[in-house]
Colleague: 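Mind looking over this structure? Questions follow.
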Amino acid sequence: MNKPLLPLAKLNFKSEFGALSVCANAEGITHVNFIPQQGDEWLSREVDTNQALMGAGACAENGGCDSYHLAKQHLLQAQLELTEYFDGARRQFEVKLAPKGTEFQCQVWHALSELEYGESCSYADIASRINRPKAVRAVGTANGANPIAIIVPCHRVIGKNGTLTGYAYGIDLKQKLLKLEGLNSKG
């Protein structure tokens with residue numbers, strides 16, 4: 001899962017769950033973030049447009065923009081799949097992913113990606129899945145650093161007792177996403 005390439009292209013779009021920013025490179029999606037709106041109490045995690053432009057500029061300097069076109073294809077596929085997910089018509093994502101993180105983070109994100117639609121788990125469950133049962137706090141930190149919201153479903157991680165744990169985009173949004181997937185959790 002760990003790809004060193006910068007994002008080459010970026011697409012922002014609105015959904016019924018909020019405005020999203022999606023970035024990609026030739027390998028796949030690098031970021032999916034919700035864009036805060038007025039009144040939201042969480043901070044933006046959106047990739048700066050200049051960072052994507054720097055990646056696109058490097059692509060042009062190296063003599064080929066096939067990479068840029070691949071990145072755009074990944075963006076359009078992600079937009080379609082996310083829209084279908086929000087409409088309740090998609091339960092599994094097929095778009096290629098290319099998140100950048102440490103080996104440990106990538107293990108956590110891969111384990112999250114294996115969670116089924118409507119399935120929840122705890123940090124301890126993820127720690128066990130990656131054969132690091134004592135790394136519960138580190139799993140929580142890696143979960144919080146997830147650059148690809150929704151598709152890498154960090155929103156499905158809840159407390160061992162069924163209560164909602166933190167979410168980068170706020171507990172209200174987490175609760176809505178879980179409800180979309182048919183999960184009821186204790187607030």
Side-chain angles (χ1 to χ4, degrees), residues 1-37 40 42 44-49 51-52 55-56 59 65-101 105-121 126 129 142-158 167-170 172-183 185:
M1 260 188 159
N2 194 2
K3 303 290 181 189
L5 302 174
L6 286 173
L8 294 175
K10 180 178 174 179
L11 172 69
N12 290 354
F13 68 97
K14 292 185 179 183
S15 77
E16 65 184 87
F17 285 80
L20 288 152
S21 172
V22 183
C23 293
N25 61 33
E27 300 295 323
I29 299 301
T30 61
H31 298 83
V32 174
N33 296 299
F34 283 94
I35 303 169
Q37 304 300 302
D40 286 335
W42 43 271
S44 178
R45 295 172 60 142
E46 182 182 7
V47 173
D48 187 326
T49 301
Q51 185 180 358
C59 167
C65 284
D66 288 343
S67 295
Y68 177 75
H69 294 297
L70 283 171
K72 292 294 272 187
Q73 288 175 348
H74 295 310
L75 290 178
L76 295 174
Q77 182 179 352
Q79 180 182 21
L80 173 67
E81 290 183 14
L82 285 163
T83 300
E84 291 172 346
Y85 168 82
F86 293 132
D87 289 344
R90 177 172 290 274
R91 292 176 170 239
Q92 186 174 2
F93 294 94
E94 297 170 10
V95 67
K96 291 182 181 178
L97 304 180
K100 184 177 180 183
Q105 287 173 325
C106 289
Q107 288 175 351
V108 170
W109 301 335
H110 180 73
L112 288 169
S113 296
E114 291 180 337
L115 292 173
E116 297 291 328
Y117 181 94
E119 177 186 3
S120 65
C121 70
I126 295 294
R129 286 181 189 216
N143 189 63
N146 173 22
I148 304 178
I150 310 299
I151 298 172
V152 177
C154 57
H155 63 279
R156 294 180 186 155
V157 179
I158 60 174
Y167 187 55
Y169 306 105
D172 288 345
L173 181 55
K174 182 174 188 164
Q175 199 162 30
K176 288 177 187 175
L177 293 169
L178 293 173
K179 185 176 179 183
L180 171 71
E181 295 184 18
L183 288 169
S185 58

Colleague: Within this structure, what is the CH2-CD1 distance for the pair W109 and I148, rounded to the nearest 0.5 Å?
Modeller: 7.5 Å
Colleague: Can you see which heavy atom on V95 is nearest to which on I29, and at what distance?
Modeller: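 That closest heavy-atom pairing would be CG2-CG1, 3.7 Å.
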Colleague: Out of curiosity, Q77 CD to E94 CD, how far, rounded to the nearest 0.5 Å?
Modeller: 7.0 Å
Colleague: Would you name the heavy atoms of A71 and A9 that are closest together and state the gap between them?
Modeller: CB-CB, 4.0 Å
Colleague: Please find the pair of heavy atoms, one from P153 and one from L112, that lie closest to each other, and give the distance.
Modeller: CG-O, 3.2 Å
Colleague: Which atom names give the shortest non-hydrogen contact between L97 and P99, and what distance separates them?
Modeller: C-CD, 3.6 Å
Colleague: Strictly distance-based, threshold 3.5 Å: is any side-chain N or O of N25 a donor or acceptor partner for the main-chain N or O of A98?
Modeller: no
Colleague: Using modelled atom types only, decide if a donor and an acceptor are shared between the side chain of Q105 and the backbone of A145 within a distance under 3.5 Å.
Modeller: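 Pair absent, no side-chain N/O of Q105 close to backbone of A145.
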Colleague: Can you name the ring pair (Phe, Tyr, Trp, His ring centres under 6.0 Å) partners of Y117, sequence neighbours left out?
Modeller: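 Result, ring pair (Phe, Tyr, Trp, His ring centres under 6.0 Å) vs Y117: none returned.
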Colleague: Can you tell me how far NE2 of H155 sits from NZ of K176, rounded to the nearest 0.5 angstrom?
Modeller: 14.0 Å
Colleague: List the steps and the verdict of side chain to side chain contact (heavy atoms under 4.5 Å, CB included) for L177 and F86.
Modeller: CA-CA 9 Å; L177 293 169; F86 293 132; 4.0 Å; yes
Colleague: Indicate yes or no: at least one non-hydrogen side-chain atom of T83 is less than 4.5 angstrom from one of F13.
Modeller: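 In contact.
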Colleague: Return the CD1 to CG distance between I150 and L180, rounded to the nearest 0.5 Å.
Modeller: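 Nearest 0.5 Å value for the CD1-CG distance: 8.5 Å.
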Colleague: Please step through side chain to side chain contact (heavy atoms under 4.5 Å, CB included) for the pair D172 and Y167, ending with a clear verdict.
Modeller: CA-CA 9 Å; D172 288 345; Y167 187 55; over 6 Å; no
Colleague: Check whether any side-chain heavy atom of C121 sits under 4.5 Å from a side-chain heavy atom of L115, and report yes or no.
Modeller: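 The answer is yes, as the side chains (C-beta and beyond) meet within the 4.5 Å cut-off.
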Colleague: Would you confirm whether E81, through its side chain, and R90, through its main-chain N or O, come within 3.5 Å as a donor-acceptor pair?
Modeller: no
Colleague: Parallel, tilted or perpendicular: which one describes the rings of Y85 and F93, with boundaries at 30° and 60°?
Modeller: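 The arrangement is tilted - the two ring planes meet at 30° to 60°.
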Colleague: Taking the side chain as C-beta and beyond, is there a heavy-atom pair between S21 and K10 under 4.5 Å?
Modeller: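 A side-chain contact under 4.5 Å exists here.
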Colleague: Looking only at heavy atoms, which two atoms of G18 and S15 are closest? And how far apart?
Modeller: O-OG, 2.8 Å
Colleague: Any side-chain to backbone donor/acceptor pair from K174 onto V157? Under 3.5 Å, distance only.
Modeller: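 Judged by distance alone, yes, a pair lies under 3.5 Å.
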Colleague: Rounded to the nearest 0.5 Å, what separation is found between the CD atom of Q79 and the CD atom of E84?
Modeller: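 It comes to 11.0 Å.
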Colleague: Would you sort out whether K72 and L11 count as a side chain to side chain contact (heavy atoms under 4.5 Å, CB included), showing the intermediate values?
Modeller: CA-CA 8 Å; K72 292 294 272 187; L11 172 69; 5.8 Å; no
Colleague: Might you work through the side chain to side chain contact (heavy atoms under 4.5 Å, CB included) test for N143 and I126, ending with a clear yes or no?
Modeller: CA-CA 10 Å; N143 189 63; I126 295 294; over 6 Å; no
Colleague: Do N33 and Y169 get their side chains close enough for a donor-acceptor pair, meaning under 3.5 Å?
Modeller: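 The answer is yes; a qualifying pair exists.
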Colleague: Among E116, E119, E114, E181, find the residue that satisfies the salt bridge (Lys or Arg N to Asp or Glu O under 4.0 Å) test when tested with R156.
Modeller: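 With R156 as partner, salt bridge (Lys or Arg N to Asp or Glu O under 4.0 Å) holds for just one option, E181.
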Colleague: Rounded to the nearest 0.5 Å, how far apart are CD1 of I158 and OG of S120?
Modeller: 3.5 Å
